[in-house]
**Q** 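Okay, here's the structure, questions in a sec.
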Amino acid sequence: MADRILVVDDEPNIRKVLVATLRREGYEVEAAENGADALAALEREGADVVVTDLVMPGVDGLTLLRRLSHEHADIPVIVITAHGTVDTAVGALKAGAFDFITKPFETDELRAVIAKAARQADLNRANVVPAAEPERRYREIVGQGARMLELQTVIARVADAPSTVLITGESGTGKELVAIALHEKSSRAARPFIRINCAAIPRELMEAELFGYEKGAFTGAVNSKPGRFELADGGTLFLDEIGEVPLEMQVKLLRALQESEFERVGGLKTIRVDVRLIAATSRDIPKEIAAGKFREDLFYRLNVVPILLPPLRERREDIPLLAEHFREKYNKRLGKSVRRIEDDALLALCNYGWPGNIRELENIMERTLLFSDGPVIALRDLPAPLLEKTPSATTGTIVVPSASGSLKEVVRAQTQALEKDLIARALTLTRGNVTRAAKLLKISRKSMQIKMKEFGLREEEPPSGNS
Ligand SMILES: Nc1ncnc2c1ncn2[C@@H]1O[C@H](COP(=O)(O)OP(=O)(O)OP(=O)(O)O)[C@@H](O)[C@H]1O
Ligand SMILES: [Mg+2]
């Protein structure tokens, strides 16, 4: 299926040229004269990519961009700026634009930028990435477990250092959130935070993207254009999915980092910038090094401050807090008034494996709230996969019978460990309320107390983490 592009410009001639050019490229193209028209067109038939002028009567390009990054965060928006207005371009990128093209534009440049955006739109659809997180109050990093507290300490300590940070973690563990937090807690906060998703950029465009290019550097380079390094000057450059950078670009990147200078493609002038670099990857970089796919020297240069984000299944103690956080967030967003998550539903959330980590938890909470009418979320309101897993299947460590004991003994020890674990979790969930915990486990309060005594779990306080 062809990608649908929505072109927004108040100048009829530019509109005509854009529409004709893009149709020739095989896109399905729709045009609008101003922001209000564009929003209406999007409501009606949607679009995969939006290309918009900035200066327009009524709802202008920047306002449109802001609305889109709230309401349609998965649609890449390309902004048309006048030649030489770097500040406007940076402003647009900060407001959530995917990229910008400068007027007058040449077909090749337009083609390349649109192709890149269409590819990002495909990626967005494939990952079912939820709306990006524009509201600041929901950008807070939630978690009270030991590993999250440690993370907060690291963030506070290194936010303002110039050192490069390499954030590693499975998909959906909060890498981007941490990168943003590092920027916002630094003295660079008022300067640009420029993100570049290395996985979404075709390899032949990567150098121009990072370092910019001069007029005439290649066919289509009618104007010179600053790269992301220049745009991030004084601020932070976030290289997302760094593991996807091809080897030959890794060399150039390393040089730029080591010498803090570079040249635009086709340029002779050496450019120096003051940029704080943060990189993120979901790949196992040492393994990539062993396979010859990642340069060891670049890894050491990036890995000055390593931050490893644990998968959600390894910090289940944060699940209740996160679930509450998303309950509030989507109550507001969706205009719901869900006041509580029932204990058994919370237990199911805590026991699930979360292969998609926090992003998956967030999606599930959003969906559950969307479909709920009442004031509480009960177990039956959760989607099927969460109900299937039995707790025992997810508690982890299964001991294999060994010299240490017979099968019977091992089974007994395992059962006991499981029992203790479940009781401790039920107590955590109910914040130490023995009656509610007993009800959750479907045992009497009396047997609950006996078990607690047996396992040395005290009644007064919740046993761990979860404040
Ligand atoms: N500790 C946290 N507290 C609150 N929200 C979080 C936390 N960690 C992640 N999130 C939310 O989960 C979602 C995914 O986070 P983010 O995009 O930062 O993950 P990621 O590691 O970059 O994922 P990917 O590898 O898929 O790009 C975001 O909506 C983010 O706001
Ligand atoms: Mg990410």
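Whatever order the structure lists them in is the order used to number ligands and atoms, beginning at 1.
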**Q** Have a look at ligand 1 and work out which part of Ser282, if any, has a heavy atom under 4.0 Å from it: side chain, backbone, both or neither.
**A** neither
**Q** Hey, is CD on Glu259 packed in by over 12 heavy atoms from elsewhere, all under 6.0 Å?
**A** yes
**Q** Below the 3.5 angstrom mark, is there an N/O of Met148, backbone or side chain, next to an N/O of ligand 1?
**A** no
**Q** Touching ligand 1 at all, Gly172? Heavy atoms, strictly under 4.0 Å?
**A** yes
**Q** Under 3.5 Å between any N/O of Leu322 and any N/O of ligand 1: does that happen in this structure?
**A** no
**Q** Considering Leu151, Leu177, Leu361, Leu309 one by one, which has a heavy atom nearer to atom 6 (C) of ligand 1 than any of the others?
**A** Leu177
**Q** Out of Glu360, Lys175, Gln152, Glu170, who gets a non-hydrogen atom closest to atom 25 (O) of ligand 1?
**A** Lys175
**Q** Parallel, tilted or perpendicular, judged at 30° and 60°: which one describes the rings of Phe326 and Tyr330?
**A** tilted
**Q** Does a salt bridge link Arg147 with Glu317, judged by any charged N lying under 4.0 Å from a carboxylate O?
**A** no
**Q** Can you tell which of Glu176, Arg359, Glu140 gets a heavy atom nearest to atom 24 (P) of ligand 1?
**A** Arg359
**Q** Please work out, at 4.0 Å between heavy atoms, whether the side chain, the backbone, both, or neither of Phe326 comes within that distance of ligand 1.
**A** side chain
**Q** Tell me, please, which residues at least two apart from Arg44 pass side chain to side chain donor-acceptor pair (under 3.5 Å).
**A** none
**Q** Only heavy atoms count here, so choose which of Lys329, Glu362, Glu366, Arg315 is nearest to atom 29 (O) of ligand 1.
**A** Glu362
**Q** Given the side-chain rings of Phe299 and Phe294, with only the six-membered ring counted for Trp, is the space between their centroids under 6.0 Å?
**A** no
**Q** Using only heavy-atom distances, determine whether the side chains of Tyr213 and Glu207 contain a donor-acceptor pair under 3.5 Å.
**A** no
**Q** How about Arg301 and Thr164: does a side-chain donor come under 3.5 Å of a side-chain acceptor?
**A** yes
